[in-house]
Amino acid sequence: MKSGICPKCSSSAIYGDIKNPHGIVVDRMKILPMNTILLVCADCGYLEFYVENEQDLEKIRKKCSKVEN
């Protein structure tokens, strides 16, 4: 979605509030304070969150459970 194309429906109607990052809830309701960007496809409703800060990504690696294949 960061490319401006929805991976589900191939629409280019992607919107997000990138100037006002949000908090995120991950890993069994643990609240990790960090900035995330939410992108939404205005055609199909698919959405994705992105963590932009490397320090916040490190918090996730340390505090959350890794999903195994």
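One-based numbering along the sequence shown. What's counted below: heavy atoms across the whole structure, side chains too, no hydrogens, waters or symmetry copies.
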Could you go through residues 40-50 and list every donor-acceptor pair under 3.5 Å that involves a side-chain atom there, pairing it with any protein atom two or more places apart or in another chain?
residue: Asp43; atom: OD2; partner: Ser11; partner atom: OG; Å: 2.5
residue: Tyr46; atom: OH; partner: Glu48; partner atom: OE2; Å: 3.0
residue: Glu48; atom: OE1; partner: Tyr50; partner atom: OH; Å: 2.2

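- Scanning all heavy atoms of the two residues, the minimum distance from Ser12 to Ile5 falls at CB-CD1, 4.0 Å.
- Residue Glu58 places its CD atom among more than 12 non-hydrogen atoms of other residues, nucleotides or ligands, all under 6.0 Å distant.
- With values rounded to the nearest 0.5 angstrom, Leu39 atom CG is found 10.5 Å from Cys6 atom SG.
- Salt-bridge check for Glu54 with Lys59: failed, with every basic side-chain N at 4.0 Å or more from each acidic carboxylate O.
- Residues meeting the side-chain hydrogen bond (donor to acceptor under 3.5 Å, both in side chains) test with Lys2, sequence neighbours left out: Glu52.
- Atom CE of residue Met1 and atom NZ of residue Lys8 lie 10.5 Å apart, to the nearest 0.5 angstrom.
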